[in-house]
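The structure appears below as structure tokens.
Count residues from 1 along the sequence. The figures that follow rest on heavy atoms only: side chains count, while hydrogens, waters and symmetry mates do not.
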Amino acid sequence: MPQLSPERTRKILADSAFRELVSGRARLRWCLSILTLVMFFGFVALISTAKAALGASFAGSAMPLGFALALLMVAAIIAFTAFYVQRSNTRFDELARRVNRELGR
């Protein structure tokens with residue numbers, strides 16, 4: 001891969017589409033990461049404070065509430081990943097194509 005000149009690097013960094021791509025990806029990654037961490041640490045805090053409640057069955061089923069919450073967390077993480085992939089394949093890929101068109105490869 002050829003080296004980028006300092007002038008070309010400045011041109012790329014100054015491009016509005018490139019800045020929008022970088023900031024959009026970073027913002028989405030950070031939001032989803034923070035949301036995931038809050039869920040996991042919240043679940044750990046819930047386990048440490050409400051053991052009896054999480055071990056109890058809910059809605060007449062044999063499944064404990066803690067297990068159901070854990071499954072919901074896994075489903076939420078899968079949904080977050082699907083959302084990121086969808087956003088990446090639509091918005092971010094289009095921005096990347098525009099940057100490549102404008103600035104050349």
Side-chain angles (χ1 to χ4, degrees):
M1 178 175 222
Q3 290 285 335
L4 289 175
S5 67
E7 179 183 315
R8 181 138 172 85
T9 301
R10 280 191 291 278
K11 183 179 178 184
I12 291 170
L13 293 174
D15 185 63
S16 63
F18 179 76
R19 286 192 315 240
E20 184 181 348
L21 173 65
V22 170
S23 66
R25 277 186 175 165
R27 192 172 36 253
L28 183 59
R29 267 194 321 263
W30 277 110
C31 289
L32 292 176
S33 295
I34 288 169
L35 190 56
T36 301
L37 286 171
V38 166
M39 278 186 358
F40 279 123
F41 285 116
F43 187 68
V44 169
L46 189 63
I47 288 171
S48 66
T49 58
K51 291 178 188 175
L54 292 176
S57 297
F58 73 100
S61 70
M63 184 185 307
L65 179 61
F67 187 72
L69 286 175
L71 288 177
L72 284 174
M73 282 183 21
V74 169
I77 300 302
I78 291 170
F80 295 162
T81 303
F83 177 72
Y84 182 83
V85 168
Q86 183 272 337
R87 178 61 59 100
S88 181
N89 287 342
T90 56
R91 179 74 181 138
F92 298 143
D93 283 355
E94 177 55 37
L95 280 171
R97 281 191 290 276
R98 184 168 44 158
V99 168
N100 283 332
R101 263 192 320 270
E102 290 174 4
L103 301 174
R105 260 197 138 180

Heavy-atom closest pair, residues [X] and [Y]:
{"X": "Phe80", "Y": "Leu32", "answer": "O-CD1, 3.8 Å"}
{"X": "Phe43", "Y": "Gly66", "answer": "CZ-O, 3.6 Å"}
{"X": "Leu54", "Y": "Pro64", "answer": "O-CB, 3.6 Å"}
{"X": "Arg19", "Y": "Leu13", "answer": "CG-O, 3.5 Å"}
{"X": "Phe18", "Y": "Val99", "answer": "N-CG2, 3.5 Å"}

Nearest-0.5 Å distance, [atom1] of residue [X] to [atom2] of residue [Y]:
{"X": "Leu21", "Y": "Glu94", "atom1": "CG", "atom2": "CD", "answer": "11.0 Å"}
{"X": "Leu95", "Y": "Arg25", "atom1": "CG", "atom2": "CZ", "answer": "8.5 Å"}
{"X": "Thr36", "Y": "Phe41", "atom1": "OG1", "atom2": "CZ", "answer": "11.5 Å"}
{"X": "Ile77", "Y": "Leu35", "atom1": "CD1", "atom2": "CG", "answer": "7.5 Å"}
{"X": "Leu46", "Y": "Met39", "atom1": "CG", "atom2": "CE", "answer": "13.0 Å"}
{"X": "Lys11", "Y": "Thr9", "atom1": "NZ", "atom2": "OG1", "answer": "12.0 Å"}

Q. Hey, is Glu7 close enough to Arg10 for a salt bridge, meaning N to O under 4.0 Å?
A. no
(Q) Using a 3.5 Å distance criterion without hydrogens, assess whether the side chain of Ser88 forms a donor-acceptor pair with backbone atoms of Tyr84. (A) no
